[in-house]
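This chain uses plain numbering: 1 for the first residue, then up along the sequence.
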Amino acid sequence: MKISHYKLSVLLSIILLSLATFFYIYTTIFTPHGAYTNSSAIINGIGGGNITGDCQAGKKALPIYCVQTDKKQISISFDAAWGADDTIQILDVLDKHNVKTTFFMTGGWVSTYPDMVKEIYSRGHDLGNHSENHKQMSKLDTASQKEEIMSVHQKIEELTGYNCFLFRPPYGDYNSELINTIYGCNHYPVQWDVDSLDWKDYGVENIIKTVTTHKALGNGSIILMHNGAKFTADALDTVLTNLEQQGYEIVPISQLILKDNFHMDSTGRQLND
């Protein structure tokens, strides 16, 4: 039986459309590293936001503790929630070493020290989000979590014009729901793998030793420090000198992390797909 040219063209169109549909479904359901994931998470981004990647490690969603990289790069971060007396000293030491870092600020700190926020920004550092009220956010409902995040985001943007996209949960406290909420607010959740323990006020030498000889210190590490801690500003110059002597380049977290096409291992290390 002969097939008319019209019927043949219709048949070919159906076949091509079917192949295109199959290819689209396949490429949106399977991640580049071969793991099955939720197709809507890829289309819409993690948590319904715009950031594409995979924050799941097994059954748990994880924040970024460190980053896998062949570059000898690390990041230093300062949590700003109480006081600002030593902030200019910290900024001056960072300028001396030509180092840019990341400051995670609570909404209360931003409101109390707006000029300091502007100063940090003017010196070229990341402005990070540390929640409005420094609560245990895993205990909040989703709406309250979003309010804690976006309130600080709005304050920072109104004050400096900076579009904040890094978030550190207070106390390092999180659950899978919070991690997805953070990504849904178009922020990357950031922890640390090297804790300076400066908040324990053990002294200058203790901070230096804890950071520079830490067992987790390596390429892609994120170091936790605090402005407002008793000995941090006095220890910082030696810490930076020692890290530089070890060959590390210190970069802001915004430069260290992978922005998309990433997945996590069980330790919270962010890896490229």
Side-chain angles (χ1 to χ4, degrees), residues 19-71 73-75 77 102 104 126-131 137-138 140 142-143 145-154 156-157 161-169 172-193 219-222 251-273:
L19 287 172
T21 302
F22 172 80
F23 179 77
Y24 174 79
I25 293 173
Y26 178 84
T27 55
T28 55
I29 290 182
F30 291 93
T31 65
H33 51 94
Y36 183 80
T37 189
N38 186 312
S39 61
S40 63
I42 294 176
I43 296 170
N44 300 321
I46 305 172
N50 297 325
I51 299 171
T52 57
D54 186 357
C55 65
Q56 293 289 135
K59 295 181 178 180
K60 191 173 184 179
L62 294 177
I64 302 167
Y65 283 80
C66 56
V67 179
Q68 184 182 56
T69 176
D70 293 330
K71 298 178 181 178
Q73 292 182 333
I74 58 175
S75 291
S77 57
T102 304
F104 288 97
D126 287 345
L127 304 183
N129 188 331
H130 198 35
S131 83
M137 291 185 62
S138 67
L140 304 179
T142 301
Q145 290 173 351
K146 290 181 178 179
E147 184 177 352
E148 283 284 321
I149 297 167
M150 297 311 297
S151 175
V152 181
H153 181 279
Q154 184 176 354
I156 291 174
E157 188 173 32
Y162 182 81
N163 184 23
C164 188
F165 60 92
L166 301 171
F167 181 84
R168 172 167 286 160
D173 170 66
Y174 67 91
N175 55 17
S176 293
E177 290 72 23
L178 175 61
I179 298 305
N180 279 286
T181 299
I182 295 167
Y183 274 114
C185 292
N186 295 319
H187 285 59
Y188 295 85
V190 178
Q191 294 281 81
W192 62 87
D193 64 337
N219 293 4
S221 280
I222 297 173
V251 299
I253 292 173
S254 62
Q255 185 177 327
L256 184 73
I257 64 171
L258 303 167
K259 301 300 197 308
D260 52 25
N261 298 322
F262 63 84
H263 59 283
M264 310 295 298
D265 71 11
S266 60
T267 69
R269 186 179 299 275
Q270 189 190 38
L271 303 98
N272 193 33
D273 289 341

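- Once rounded to the nearest 0.5 Å, the distance linking CD of Gln56 with CD1 of Ile46 reads 9.0 Å.
- The side chain to side chain donor-acceptor pair (under 3.5 Å) test applied to Gln154 returns Glu158, not counting sequence neighbours.
- A distance of 8.5 Å separates CH2 in Trp192 from OG in Ser77, rounded to the nearest 0.5 Å.
- To the nearest 0.5 Å, the span separating CD1 on Ile74 from CD1 on Ile253 amounts to 11.5 Å.
- Residues Ser176 and Ala61 approach most closely at OG-N, 3.0 Å, considering heavy atoms.
- When side chains are defined from C-beta on, Asp273 counts as touching His263, because their heavy atoms get closer than 4.5 Å.
- Looking only at side-chain heavy atoms (C-beta outward), Met264 and Gln270 come within less than 4.5 Å of each other.
- Partners of Asn180 according to the side chain to side chain donor-acceptor pair (under 3.5 Å) rule, which considers only residues two or more places apart in sequence or in another chain, do not exist here.
- Side chains of Ile222 and Arg168 form a contact here, defined as non-hydrogen atoms less than 4.5 Å apart.
- One N or O on the side chain of Ser75 and one on the backbone of Val251 form a donor-acceptor pair closer than 3.5 Å.
- Within the 4.5 Å cutoff, the side chain of Val67 has no heavy atoms near those of the Gln73 side chain.
- Note: Tyr188 and Phe262 have tilted aromatic rings, judged against thresholds of 30 and 60 degrees for the angle between ring planes.
- Every side chain to side chain donor-acceptor pair (under 3.5 Å) that Thr181 has, sequence neighbours left out, goes to Gln145.
- For Asn163, the CG atom counts as densely surrounded, since its 6.0 Å shell holds more than 12 non-hydrogen atoms of other residues, nucleotides or ligands.
- By the side-chain contact (heavy atoms from CB on, under 4.5 Å) test, Asp173 is found to be paired with Gln136, Ser138, Tyr171, residues two or more places apart in sequence or in another chain being considered.
- Checking side-chain atoms of Asp260 against main-chain N and O of Gly53 turns up no donor-acceptor pair under 3.5 Å.
- Using a 4.5 Å heavy-atom cutoff, the side chains of Leu166 and Ile257 are in contact.
- Among residues two or more places apart in sequence or in another chain, the side-chain contact (heavy atoms from CB on, under 4.5 Å) test is passed with Cys164 by Asn129, His153, Ile156, Tyr162, His187.
- Here Thr69 pairs with Lys71, Asn219 under the side-chain contact (heavy atoms from CB on, under 4.5 Å) rule; sequence neighbours left out.
- Residues passing the side-chain contact (heavy atoms from CB on, under 4.5 Å) test with Tyr65 are Pro63, Tyr174, Gln191, sequence neighbours excluded.
- Residues Gly220 and Leu256 approach most closely at O-CD2, 3.6 Å, considering heavy atoms.
- Contact of the Lys60 side chain with the Asn175 side chain is not registered, since no non-hydrogen atoms from C-beta on lie closer than 4.5 Å.
- For Glu147, there are no side chain to side chain donor-acceptor pair (under 3.5 Å) partners, not counting sequence neighbours.
- Ser254 pairs with exactly one of Leu127, Thr102, Asp126, Val190 by the side chain to side chain contact (heavy atoms under 4.5 Å, CB included) rule, that one being Asp126.
- Nearest approach of Ile179 to Cys55, heavy atoms of both residues: CG2-SG, 4.2 Å.
- Between Leu258 atom CG and Asn272 atom CG the span is 5.5 Å, to the nearest 0.5 Å.
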Check the pair Ser131, Phe167 against side chain to side chain contact (heavy atoms under 4.5 Å, CB included), reporting the backbone distance first and the verdict last. CA-CA 8 Å; Ser131 83; Phe167 181 84; 4.0 Å; yes
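- Note that CE of Met137 and OG1 of Thr142 are 10.0 Å apart. Values are rounded to the nearest 0.5 Å.
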